[in-house]
Amino acid sequence: MADAAPIGVFDSGVGGLSVLHEIRARLPRESLIYLADCGHVPYGEKTPEYIRARCRAIAEFLLARGAKALVVACNTATAAAAADLREHYPQLPIVAMEPAVKPAAEATRSGVVGVLATTGTLKSARFAALLDRFANDVRVITQPCPGLVERIELGDLDGPQTRELLQGYVAPLLAEGCDTLILGCTHYPFLRPLLRELVPADVSLIDTGAAVARQLERLLQVRGILAEGQAKKTELWTSGAVEGFERVLPVLWRAGEAVSFFPD
Ligand code: DGL
């Protein structure tokens with residue numbers, strides 16, 4: 001049975017747009033509502049309780065707008081709140097995301113994998129469990145990246161400050177022999193071009209945006225709630241300054257789309 005209801009996608013800010021690109025490309029017939037919680041970004045340094053409360057408020061908003069499924073397009077929110085959301089909305093299809101430890105452990109040739117992520121993700125029990133499960137035969141070196149999300153929120157993907165921060169985070173991982181870097185925060189895929197400049201060509205960069213879009217499609221298919229018909233719209237919301245979000249959209253999403261204010 002086709003279902004024209006929208007899919008709700010959210011992140012602490014603009015990072016989840018990297019996932020939204022993948023969802024839009026894979027599922028053109030779906031209506032999408034994206035909420036950037038820019039009024040509360042970054043999540044990476046916040047407590048799990050704070051993030052859980054934000055995720056509940058956002059989920060309520062998206063459900064009130066008729067969402068048939070949720071995508072937690074944020075590794076930090078997944079670590080803090082995916083279990084809570086699943087418990088609270090047991091009937092709702094929810095796709096969440098975590099750093100790509102399994103594919104990276106399979107891909108590495110040097111046996112050393114680096115993880116770039118937020119402090120919140122790296123400190124979480126969920127991440128520890130992920131390592132326990134999939135990283136027994138490789139060395140995993142974690143690198144929290146404070147400040148990086150804020151640069152991307154400003155749409156600064158290759159300016160001197162972003163470059164210096166990223167260089168400082170990546171250099172120790174390369175020095176340890178990492179040949180595979182996990183982009184464990186949905187903001188970081190926007191830094192791929194800069195990363196390609198900063199790391200040797202044989203270092204792989206792995207993120208999970210495309211896998212999340214595939215998983216979402218599978219889930220909707222199994223439930224029989226994929227949309228049909230022609231290509232649909234994407235609705236954009238932010239809890240931060242609308243003008244700020246609109247300013248970075250041409251860089252991170254596409255030009256000329258309207259943004260609404262989520263007053264929370
Ligand atoms: N984009 C988010 C993630 O995937 C969180 C960034 C932040 O707000 O610190 O982890």
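Side chains included, hydrogens not; waters and symmetry mates left out as well; all remaining heavy atoms used.
Hydrophobic clustering, with ILVMFWY side chains joined whenever heavy atoms are under 4.5 angstrom apart, groups Y43 together with V72. Both I152 and L194 are members of a single hydrophobic cluster when ILVMFWY side chains are connected at heavy-atom separations under 4.5 Å. Put simply, I7 and L35 are part of two different groups of oily side chains (I, L, V, M, F, W, Y) that touch within less than 4.5 Å, one to the next. Cluster membership for I33 and L226, using ILVMFWY side-chain heavy atoms within less than 4.5 angstrom, is not shared. F127 and V149 fall into different hydrophobic clusters, defined by Ile, Leu, Val, Met, Phe, Trp and Tyr side-chain heavy atoms under 4.5 Å apart, directly or through other members.
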Could you give me the CA-CA distance, side-chain angles and deciding distance for E30 and K68, then say whether salt bridge (Lys or Arg N to Asp or Glu O under 4.0 Å) is met?
CA-CA 11 Å; E30 300 291 339; K68 63 181 173 186; 2.7 Å; yes

Using the side chain to side chain contact (heavy atoms under 4.5 Å, CB included) rule, take L20 and L17 through it: C-alpha gap first, then chi angles, then the decisive distance, then the call.
CA-CA 5 Å; L20 200 68; L17 292 172; 3.8 Å; yes

Please report the C-alpha distance between L131 and V101 in whole Å, then the side-chain angles of each, then the deciding distance to 0.1 Å, and finally whether the side chain to side chain contact (heavy atoms under 4.5 Å, CB included) criterion is met.
CA-CA 7 Å; L131 292 185; V101 171; 4.1 Å; yes

Stepwise side chain to side chain contact (heavy atoms under 4.5 Å, CB included) test for V248 and E153:
CA-CA 8 Å; V248 299; E153 287 290 315; over 6 Å; no

For the pair L249 and L236, evaluate side chain to side chain contact (heavy atoms under 4.5 Å, CB included) and give the outcome as yes or no after the intermediate values.
CA-CA 10 Å; L249 276 184; L236 301 171; 3.7 Å; yes

Check residues 136-145 and write down every donor-acceptor pair under 3.5 Å in which the side-chain atom is one partner and the other belongs to a residue at least two apart or another chain.
from, atom 1, to, atom 2, distance (Å)
N136, ND2, D132, O, 2.9
R139, NH2, E176, OE1, 2.6

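Contact of the L148 side chain with the L116 side chain is not registered, since no non-hydrogen atoms from C-beta on lie closer than 4.5 Å. Between P93 and I225, the closest side-chain pair of non-hydrogen atoms falls below 4.5 Å. Taking 4.5 Å as the limit, every side-chain heavy atom of L191 sits out of range of all side-chain heavy atoms of L183. Between P99 and N75, the closest side-chain pair of non-hydrogen atoms falls below 4.5 Å.
The backbone N or O of G177 sits less than 3.5 Å from a side-chain atom of S110, completing a donor-acceptor pair. In this structure a side-chain-to-backbone donor-acceptor pair under 3.5 Å is present from K46 to H40. Of the possible polar contacts, none joining the T208 side chain to the A211 backbone as a donor-acceptor pair under 3.5 Å is found. A distance-only check finds a donor-acceptor pair linking the side chain of T186 to the backbone of A73 [under 3.5 Å]. Without hydrogens or angle criteria, Y34 side chain to G16 main chain gives a donor-acceptor distance under 3.5 Å. Proximity of a side-chain donor or acceptor of R29 to a complementary backbone N or O of G229 within less than 3.5 Å is detected. Between the side chain of T162 and the backbone N or O of D156 there is at least one donor-acceptor pair closer than 3.5 Å.
Atoms CG and SG, on D11 and C185 in that order, are 7.0 Å from each other to the nearest 0.5 Å. Put simply, CG on L174 and CG on L198 are 9.0 Å apart, with the number rounded to the nearest 0.5 Å. Distance check, rounded to the nearest 0.5 Å: CG of L220 to CD of Q215 gives 9.5 Å. With values rounded to the nearest 0.5 angstrom, Q91 atom CD is found 7.0 Å from R223 atom CZ. Atoms CG and CG, from L27 and L32 in turn, are 7.5 Å apart once rounded to the nearest 0.5 Å. Interatomic distance, R109 CZ to T180 OG1, rounded to the nearest 0.5 Å: 6.0 Å.
The minimum heavy-atom distance linking A96 with V212 is given by the pair O-CG2, 4.3 Å. Contact between C55 and A77 at its shortest, heavy atoms only, is SG-CB, 3.8 Å. When all heavy atoms of G44 and T76 are compared, the pair lying nearest together is CA-CG2, 3.9 Å. Heavy atoms only, all atoms of each residue included: Y89 and L63 are closest at CE2-CD1, 3.4 Å. When all heavy atoms are compared, the tightest approach of I23 to L216 is CG2-CD2, 3.8 Å. Nearest heavy atom pair, residue L62 against residue V9, reads CD1-N, 4.2 Å.
Partners of R254 by side-chain hydrogen bond (donor to acceptor under 3.5 Å, both in side chains), not counting sequence neighbours: none found. D158 meets the salt bridge (charged side-chain N to carboxylate O under 4.0 Å, His left out) test with no other residue; sequence neighbours excluded. Every ring pair (Phe, Tyr, Trp, His ring centres under 6.0 Å) that F262 has, sequence neighbours left out, goes to F61. Under the salt bridge (charged side-chain N to carboxylate O under 4.0 Å, His left out) criterion, R26 pairs with E217, sequence neighbours left out. Residues meeting the salt bridge (charged side-chain N to carboxylate O under 4.0 Å, His left out) test with R192, sequence neighbours left out: D207.
Residue pairs satisfying the side-chain hydrogen bond (donor to acceptor under 3.5 Å, both in side chains) criterion with at least one member in residues 13-25, sequence neighbours excluded, are listed as follows: R24-T234. Identified under the side-chain hydrogen bond (donor to acceptor under 3.5 Å, both in side chains) test for residues 239-251, with sequence neighbours left out: D37-S239. The salt bridge (charged side-chain N to carboxylate O under 4.0 Å, His left out) pairs that include a residue from residues 79-88 are R56-D84, where partners are two or more places apart or lie in different chains. Among residues at least two apart or in separate chains, there is no ring pair (Phe, Tyr, Trp, His ring centres under 6.0 Å) pair with a member in residues 164-201. Among residues at least two apart or in separate chains, salt bridge (charged side-chain N to carboxylate O under 4.0 Å, His left out) pairs with a member in residues 90-107 are E98-R126.
Counting non-hydrogen atoms of other residues, nucleotides and ligands closer than 6.0 Å to NZ of K123 gives a total of 12 or fewer. With a 6.0 Å radius and a threshold of 12 heavy atoms from other residues, nucleotides or ligands, Q161 has its CD atom at or below the threshold.
Through direct or relayed side-chain contacts under 4.5 Å between Ile, Leu, Val, Met, Phe, Trp and Tyr, L154 connects to no other residue.
Judged purely by distance below 3.5 Å, without hydrogens or angles, the side chains of R218 and Q221 never pair a donor atom with an acceptor atom. A donor-acceptor pair shorter than 3.5 Å cannot be found between the side chains of E45 and Y50.
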